[in-house]
Amino acid sequence: MSGSEVIGAALPRKGAGAGPAGSGASGGARPGPGPRRTPGRSDGARARPSAAAAARGGRWTPWLYLAPALVVLGGLLVYPVYQLGLISFLEYTQAQVSGGKPTSFQGFGNYAELFGDPQFWDVLLATVLFAAACVLGTLAVGCSLAVLLTRIRAVPRLTLMLAALGAWATPAITGSTVWVFLFDPDFGPVNRVLGLGDFSWTYGRMSAFALVLFEVVWCSFPLVMVTMYAGIKAIPEEVLEAAALDGASVWRTWRSIMAPMLRPLLVVVTIQSVIWDFKVFTQIYVMTGGGGVAKQNLVLNVYAYQKAFASSQYSLGSAIGVVMLLILLAVTLVHLRLLRGKGEEL
């Protein structure tokens, strides 16, 4: 064999597996060199984005899901609040609405007039006390019935829950009208059962507020009851059984075990109750005839309505609305701040 033949036999033939693509065609051929790798860097590191880039992308993902709801809330909440605040700084009465006088900027003049009115401070105090009584009554009734639901059988429990949800689903104006009839001095069955004769619940200031309080608690406690019942059922049975074996009473079990574990839920229902009861309008307006005798049962919402629509002082009514909004925001933020200071998670 000549030298050229020896060299030709030693060289790989074309398509016989000289490189990676042809390695399967020749079993004995050695695979060619692969792609050159950078020292200290793996293929996965090149293929995947960096952790910082992934974190930046994931940070905006929740906002993308919330964007439709935020757009709707912006149209239904932010813009009306903006208009409310704007009108509170203007002179806006019936003359401006009809075009008889131009609208003028008053600055804080409407707020100065409002804070200088003694009736405003009387109504504000009555609103705070009435809302506090409604919140306490709602929480007391709702939490008590939630504990009761855990101790009765299925049929009574279902009956109580259906009755409570029926009260919750009743429109405020319908419930208020029914309660006025029940306590009517001439035809109401409550006075006959209690033997009160022709006693008028809506004539006196305290009795009228008490009547409205009963109706507010009646239509508000179902949410607290259902929420707290769900929270109680989530408490491990072993904890409650251990308390029972130690001889703890129902009140001690609630105060020392259930209430601390249910504190996040209590915070939620308390804040909701404060917001709802502080801005009660329908019950007061319907049951006391627009604020009671000589306007003795006014609350801030009814007071704002009378200023804005009965007296055509829309700027003063808007100022009252802004004050209510700021009070509710302050109460909510202070409550949440205190809880965060204690290390509670909502």
* Does Trp218 reach the main-chain N or O of Ala167 with its side chain, forming a donor-acceptor pair under 3.5 Å? -> no
* Asked: Under a single-linkage definition using a 4.5 Å side-chain heavy-atom cutoff for Ile, Leu, Val, Met, Phe, Trp and Tyr, are Trp254 and Leu245 assigned to the same hydrophobic cluster?
  -> no
* Structure fact -> What one should report as the nearest heavy-atom pair of Thr288 and Ala208 is CG2-CB, 4.2 Å
* Heavy-atom neighbours of Phe187 CZ exceed 12 at 6.0 Å -> no
* Mark yes or no for whether Asn301, through its side chain, and Lys279, through its backbone, hold a donor-acceptor pair below 3.5 Å. => yes
* Asked: Is a donor on one side and an acceptor on the other found under 3.5 Å between the side chain of Gln296 and the backbone of Tyr203?
  -> yes
* Ile173 backbone acceptor or donor facing Ser176 side chain under 3.5 Å -> no
* Do the side chain of Ser315 and the main chain of Ser88 share a donor and acceptor less than 3.5 angstrom apart? -> no
* To do: Enter the distance from Leu223:CG to Met228:CE here, rounded to the nearest 0.5 Å.
  => 11.0 Å
* Counting N and O atoms only, with roles assigned by atom type, does the side chain of Asn110 sit under 3.5 Å from a partner on the main chain of Leu90, one being a donor and the other an acceptor? -> yes
* Asked: Do the ring centers of Tyr285 and Tyr305 come within less than 6.0 Å of each other?
  -> yes
* Quick one: sort the Trp201 and Phe214 rings into parallel, tilted or perpendicular, breaks at 30° and 60°. => perpendicular
* To do: Might you point out which heavy atoms bring Leu300 and Thr127 nearest each other, and give the distance in Å?
  => N-OG1, 3.0 Å
* What distance do Ile320 atom CD1 and Gln313 atom CD have between them, rounded to the nearest 0.5 Å? -> 9.0 Å
* Can you measure from NZ (Lys307) to CZ (Phe120) and round to the nearest 0.5 angstrom? => 11.0 Å
* Pick out which of Glu91, Gln94, Gln96 makes a side chain to side chain donor-acceptor pair (under 3.5 Å) with Tyr314. => Gln94
* Report the distance from atom CG of Leu145 to atom CZ of Arg157, rounding to the nearest 0.5 Å. => 13.5 Å
* Asked: Stepwise, does the side-chain contact (heavy atoms from CB on, under 4.5 Å) test hold for Arg337 with Val334?
  -> CA-CA 5 Å; Arg337 188 176 182 86; Val334 168; 5.7 Å; no
* Asked: Are the side chain of Thr150 and the backbone N or O of Val147 linked by a donor-acceptor pair below 3.5 Å?
  -> yes
* Structure fact -> On a heavy-atom basis, the closest approach of Gly75 and Pro80 is O-CD, 3.7 Å
* Within one Ile-Leu-Val-Met-Phe-Trp-Tyr cluster: Val274 and Val267, side-chain cutoff 4.5 Å -> yes
* Between Tyr303 and Asp117, a side-chain donor and acceptor under 3.5 Å -> yes
* To do: Start with the C-alpha gap between Trp179 and Phe183, add the side-chain angles, then the distance that decides, and say whether ring-ring contact (aromatic ring centres under 6.0 Å, His included) holds.
  => CA-CA 6 Å; Trp179 275 74; Phe183 288 84; 5.6 Å; yes
* For Thr270 and Gln272, test the side chains for any donor-to-acceptor distance below 3.5 angstrom and give the result as yes or no. => no
* Applying the 4.5 Å side-chain criterion to the ILVMFWY set and letting contacts propagate, would Leu129 and Met287 be lumped into a single cluster? -> no
* To do: Work out which heavy atom in Val322 is nearest to a heavy atom in Gly85; give both atom names and the distance.
  => CG2-CA, 4.0 Å
* Going hydrophobic residue to hydrophobic residue with side-chain gaps under 4.5 angstrom, can you get from Val193 over to Val180? -> no
* To do: Indicate the ring-plane relationship of Phe108 and Phe89, choosing parallel, tilted or perpendicular according to the 30° and 60° boundaries.
  => perpendicular
* Worked verdict on Cys143 versus Val224 for side-chain contact (heavy atoms from CB on, under 4.5 Å) -> CA-CA 7 Å; Cys143 293; Val224 178; 4.3 Å; yes
* To do: Grab the two heavy atoms, one from Ile257 and one from Pro260, that are nearest each other, plus how far apart they are.
  => O-CD, 3.4 Å
* For Phe130, look at atom CZ and say whether over 12 heavy atoms of other residues, nucleotides or ligands are found less than 6.0 Å away. => yes
* Enter the distance from Arg205:CZ to Leu298:CG here, rounded to the nearest 0.5 Å. => 9.0 Å
* Asked: Any donor and acceptor pair, going by atom type alone, linking the side chain of Ser98 with main-chain N or O of Ala95 inside 3.5 Å?
  -> yes
* Asked: Within a radius of less than 6.0 Å around CZ of Arg252, do more than 12 heavy atoms belonging to other residues, nucleotides or ligands occur?
  -> no
* Indicate yes or no for a side-chain donor-acceptor contact from Ser312 to the backbone of Ala308 under 3.5 Å, with no hydrogens or angles considered. => no
* To do: Determine, step by step, whether Met261 and Ile232 satisfy the side-chain contact (heavy atoms from CB on, under 4.5 Å) criterion, reporting the C-alpha distance in whole Å, the side-chain angles of both residues, the deciding distance to 0.1 Å, and the verdict.
  => CA-CA 9 Å; Met261 299 181 70; Ile232 292 173; over 6 Å; no
* To do: Please report the C-alpha distance between Phe278 and Val299 in whole Å, then the side-chain angles of each, then the deciding distance to 0.1 Å, and finally whether the side-chain contact (heavy atoms from CB on, under 4.5 Å) criterion is met.
  => CA-CA 8 Å; Phe278 192 81; Val299 292; over 6 Å; no
* Joint hydrophobic cluster, Leu329 plus Tyr82, side-chain heavy atoms closer than 4.5 Å -> no
* Structure fact -> Interatomic distance, CG@Leu160 vs CG@Leu148, rounded to 0.5 Å, equals 6.5 Å
* For the side chain of Thr332 and the backbone of Leu328, is there at least one donor-acceptor N/O pair under 3.5 Å apart? -> yes
